[in-house]
K.L.:
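After the structure tokens below, expect a handful of questions from me.
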2 protein chains.
Amino acid sequence: MTDDASARAVRPTLAAVAARAGVSASTASLAFSGAGPVSVETREKVLAAAEALGYAGPDPRAASLRRGRSGVLGVVIEDRLREAFRDPMNIAMLDGIADEAGAAGAALLLLTDAAGGRTDIASASMDAVILVGCSTRLDDSVAILRQRGMPMVAVEADAMDGVLGIDLDNRAASATLARHLRELGHDRVAVVSLPLDDSGEPGRLPGDWRLRARSHTARERLEGVADVYPAFGGRVAEGSTIEAGREAGMAILGEADAPTAVIAQSDLLAVGVIRAAEELGLRVPEDVAVVGFDGIRRDDANGIDLTTMVQPAVAKGRAAGRAAFSLLDGDEPARQLFTSEFRRGATT
Amino acid sequence: MTDDASARAVRPTLAAVAARAGVSASTASLAFSGAGPVSVETREKVLAAAEALGYAGPDPRAASLRRGRSGVLGVVIEDRLREAFRDPMNIAMLDGIADEAGAAGAALLLLTDAAGGRTDIASASMDAVILVGCSTRLDDSVAILRQRGMPMVAVEADAMDGVLGIDLDNRAASATLARHLRELGHDRVAVVSLPLDDSGEPGRLPGDWRLRARSHTARERLEGVADVYPAFGGRVAEGSTIEAGREAGMAILGEADAPTAVIAQSDLLAVGVIRAAEELGLRVPEDVAVVGFDGIRRDDANGIDLTTMVQPAVAKGRAAGRAAFSLLDGDEPARQLFTSEFRRGATT
DNA sequence: CTGAAAGCGCTAACAG
DNA sequence: CTGTTAGCGCTTTCAG
């Protein structure tokens with residue numbers, strides 16, 4: 001702690017720099033920010049003084065208090081980064097957000113929706129927040145953030161008061177895939193769905209999924225299938241991973257009365273289902289057709305050319321970022337809807 | 001802007017809450033933080049007043065100025081998230097960092113080492129920084145951060161003054177793999193290396209890689225191979241991806257005088273090389289042996305059971321996180337070295 | 001247990 | 001172009 005004191009002592013403030021340069025603090029400030037008229041002479045004097053004193057630069061904490069802005073964009077994601085970033089779609093979206101943040105000179109603060117460490121969501125300093133990742137229990141976070149008066153943007157979430165939505169045509173896109181399968185003559189289809197809530201327990205898709213699904217994306221995609229196949233069964237996967245898809249696939253395709261087509265709610269799940277099919281000695285698409293969702297790069301799909309709906313993940317992220325900054329500027333950006341595009345691959 | 005004013009007006013401060021509750025500001029502050037003795041009565045009065053006024057909670061910007069801490073841990077990664085997060089190792093490490101950050105009640109600020117938006121690295125408010133991701137041009141960032149007096153931890157980087165290193169036994173581990181191949185009788189080996197610098201151009205591995213390699217990890221892994229095979233050729237990949245590995249693999253295995261073994265500097269690259277081998281009609285390991293590095297999950301390796309060195313990525317991340325907080329506490333944590341473990345798979 | 005006072009370090013108005 | 005003034009909103013002594 002004596003250490004601390006000496007560290008403090010050795011850390012000069014802007015005022016100290018100004019004093020040494022023989023100018024006012026405000027002038028010194030301008031010399032640093034370059035946001036106002038300062039003569040070259042003066043600026044050099046200030047810079048020299050700063051150099052001499054070993055000035056660390058304006059303290060961002062003080063600056064953000066004064067300005068009322070911290071230059072930070074919060075991004076709330078699912079519990080574990082490991083999970084969230086396993087799916088290339090989430091990364092692509094984050095990349096889109098990062099693009100816009102970078103352009104706006106803001107940095108990204110990663111916040112997790114997690115159980116214990118919710119402190120940070122309540123107390124992190126940031127200017128706006130984007131909620132992403134099919135997070136299944138956003139409500140608490142939203143309540144806290146609303147209380148904080150934080151501008152909020154949510155990607156693929158149920159409409160919430162005071163939260164700007166950036167949406168994807170999940171339902172229509174899923175219906176497109178379902179129709180595609182029906183046109184190919186498939187009668188019995190099964191769905192491998194993303195987790196319906198944050199319990200994370202895989203299992204049979206419950207008949208009352210409409211009531212139970214807390215995940216917006218999962219529910220909408222189920223609705224899309226239901227629009228075409230009023231009755232269907234399936235499994236809920238443990239997450240959006242190949243392994244989870246494989247497990248669900250084994251359960252579905254291993255049964256006596258196996259379906260002739262599987263609608264997986266993500267490409268990773270679809271890859272897993274295909275792997276299960278292979279292990280069971282089934283050919284795709286001859287014995288069983290499989291469709292995915294997202295349009296991940298073939299490289300990420302084990303080289304499989306999936307039939308899927310390609311969603312504009314990066315654009316979605318950029319839109320979310322832009323919307324956040326727009327809210328921050330006091331504008332009233334409109335809610336946006338992105339559409340996915342059908343891509344026929346070799347799996348149907 | 002009138003809007004702004006009214007928004008301000010409607011946003012009460014702690015002082016306003018205190019006034020309404022009929023207590024002092026300091027008492028109100030304690031009522032919120034719970035960090036001191038406040039009677040239950042008083043606390044309830046304060047909370048009620050806050051509720052009534054719609055108080056958003058203590059402003060973190062002001063708090064962090066006052067406290068001198070922002071509760072933020074910066075993480076500097078490569079230019080594009082898309083690239084950095086394509087490799088599961090980086091995600092695992094980030095997850096390790098996030099674990100420790102969460103435990104310490106800190107949030108993670110993602111900073112990119114990028115060209116243009118370097119502003120944030122110079123001006124983001126944070127308490128300490130971890131530099132990760134084999135970033136090839138950390139020097140500039142380090143200079144800026146050092147100037148800011150920021151505690152720094154670097155994962156797998158050349159030793160730098162004032163930066164605490166968290167290292168991996170890259171050289172020894174690569175040598176282990178090389179020895180394994182030599183024991184199997186391989187004479188001619190080729191290396192597929194990670195990018196040597198940030199130019200990102202793939203191509204033949206230059207003979208003077210020792211001089212040219214700016215990436216610590218790539219260089220050390222090359223040294224490890226050189227310890228066993230004094231002379232070897234190879235390719236520099238465009239990044240740590242399957243596709244880049246495939247391209248390098250095609251170049252290497254397509255030549256007349258193709259090697260009998262390929263040492264890939266990451267598991268993703270190894271998977272790509274194997275894919276190239278398959279496309280060229282070569283069997284692995286019969287026609288060509290392939291080893292990787294990292295120990296990614298089989299799920300991420302297209303189901304291939306690679307011979308590789310398993311590195312403790314999550315532990316590395318945790319150690320980096322712990323070290324950062326330790327520096328922040330004024331301690332002098334020691335530099336740490338993690339070791340990788342040989343895992344024989346089916347590719348040699 | 002509560003209150004008063006004193007800034008944290010910076011920046012934005014407004015005069016000159 | 002430069003200086004003066006006045007806080008941003010909170011937390012931490014230090015007294016009572």
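Below, chains carry the letters A, B, ... as their sequence lines are ordered, and counting in each starts from 1.
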K.L.:
Figure out the CZ/C1' separation between F32(B) and dT12(D), and round it to whole Å.
P.N.:
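About 18 Å, once rounded to whole Å.
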K.L.:
What is the distance, rounded to the nearest whole Å, between atom CG of L14(B) and atom P of dG7(D)?
P.N.:
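Atom-to-atom, L14(B) to dG7(D), this comes out as 18 Å.
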K.L.:
Does R86(B) have any salt bridge (charged side-chain N to carboxylate O under 4.0 Å, His left out) partners at least two apart in sequence or in another chain, and if so, which?
P.N.:
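Here the qualifying residues are D300(A).
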K.L.:
Calculate the interatomic distance between L65(A) atom CG and dC8(C) atom C1'; express it in whole Å.
P.N.:
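For the pair L65(A) CG and dC8(C) C1', the rounded distance is 9 Å.
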K.L.:
How close or far is atom P of dT11(D) from atom CZ of R69(B), stated in whole angstroms?
P.N.:
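Nearest whole value for this atom pair: 16 Å.
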K.L.:
Is the number of heavy atoms from other residues, nucleotides or ligands within 6.0 Å of CD (E51(A)) greater than 12?
P.N.:
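Result for CD/E51(A): open.
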K.L.:
Are side-chain heavy atoms of K316(A) and E156(A) found at a separation under 4.5 Å?
P.N.:
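Yes, their side chains come closer than 4.5 Å.
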K.L.:
To the nearest angstrom, how far is K45(A) atom NZ from dC1(D) atom P?
P.N.:
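Taking atom P of dC1(D) as the reference, NZ of K45(A) is at 14 Å.
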K.L.:
When you measure from the side-chain N and O atoms of S29(B) to the phosphate of dT11(D), is any distance below 4.0 Å, counting only OP1 and OP2?
P.N.:
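Checking S29(B) against dT11(D): at least one side-chain N or O falls below 4.0 Å of OP1 or OP2.
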K.L.:
For residues M126(A) and D120(A), determine if any side-chain heavy atom of one lies less than 4.5 Å from a side-chain heavy atom of the other.
P.N.:
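SC-SC contact between M126(A) and D120(A) ruled out.
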K.L.:
For the side chain of A62(A), starting at C-beta, report the closest nucleotide among dT2(D), dT11(C), dC10(C).
P.N.:
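The nucleotide sitting nearest to the side chain is dC10(C).
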K.L.:
NA contact type, P58(A), heavy-atom cut-off 4.0 Å: base, sugar-phosphate, or nothing?
P.N.:
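The answer is sugar-phosphate, as P58(A) gets under 4.0 Å only of primed atoms, P, OP1 or OP2.
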K.L.:
Within the structure provided, determine whether S29(B) and L14(B) are in side-chain contact (heavy-atom separation under 4.5 Å).
P.N.:
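When only atoms from C-beta onward are counted, L14(B) and S29(B) do touch, with a gap below 4.5 Å.
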K.L.:
State whether D167(A) and R335(A) are salt-bridged, where the test is any N-O pair (Lys NZ or Arg NE/NH1/NH2 against Asp/Glu carboxylate O) under 4.0 Å.
P.N.:
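The answer is yes: the pair qualifies as a salt bridge.
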K.L.:
Is any NZ, NE, NH1 or NH2 atom of the basic residue among D59(B) and R66(B) found under 4.0 Å from an Asp or Glu carboxylate oxygen of the other?
P.N.:
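Not counted as a salt bridge, because no side-chain N and carboxylate O are separated by less than 4.0 Å.
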K.L.:
Any non-hydrogen side-chain atom of L109(A) less than 4.5 Å from a side-chain atom of V75(A)?
P.N.:
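No, side chains not in contact.
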K.L.:
When the distance from CG of L30(A) to C1' of dC1(D) is rounded to whole Å, what number comes out?
P.N.:
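My rounded result for the distance is 10 Å.
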K.L.:
Distances under 3.5 Å between protein N/O atoms and the N/O atoms of nucleotides 3-6 of chain D, please, pair by pair.
P.N.:
| residue | atom | partner | partner atom | Å |
| --- | --- | --- | --- | --- |
| dG3(D) | OP2 | S24(A) | N | 3.0 |
| dG3(D) | OP2 | T27(A) | OG1 | 3.2 |
| dG3(D) | N7 | S26(A) | OG | 3.4 |
| dT4(D) | O4 | S26(A) | OG | 3.0 |

K.L.:
Give Y55(B) one of three labels, base, sugar-phosphate or nothing, depending on what nucleic acid heavy atoms sit under 4.0 Å from its own.
P.N.:
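Counting heavy atoms under 4.0 Å across all strands, the contact made by Y55(B) is with sugar-phosphate only.
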K.L.:
In whole Å, what is the span from the CZ atom of R61(B) to the P atom of dC8(D)?
P.N.:
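Roughly 14 Å, once rounded to whole Å.
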K.L.:
If an axis is fit to five pairs at each end of the helix from dC1(C)-dG16(D) to dG16(C)-dC1(D), what is the angle between the two, to the nearest 10°?
P.N.:
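Its terminal axes enclose an angle near 30°.
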K.L.:
Is the phosphate of dT2(D), meaning OP1 or OP2, less than 4.0 Å from a side-chain N or O of S39(A)?
P.N.:
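The answer is yes; a side-chain N or O of S39(A) sits under 4.0 Å from OP1 or OP2.
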K.L.:
In whole angstrom, what separates D59(B)'s CG from dT11(D)'s P?
P.N.:
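Nearest whole value for this atom pair: 9 Å.
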K.L.:
Whether R322(A) and D99(A) form a salt bridge (side-chain N of Lys/Arg under 4.0 Å from carboxylate O of Asp/Glu) is what I want to check.
P.N.:
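Not counted as a salt bridge, because no side-chain N and carboxylate O are separated by less than 4.0 Å.
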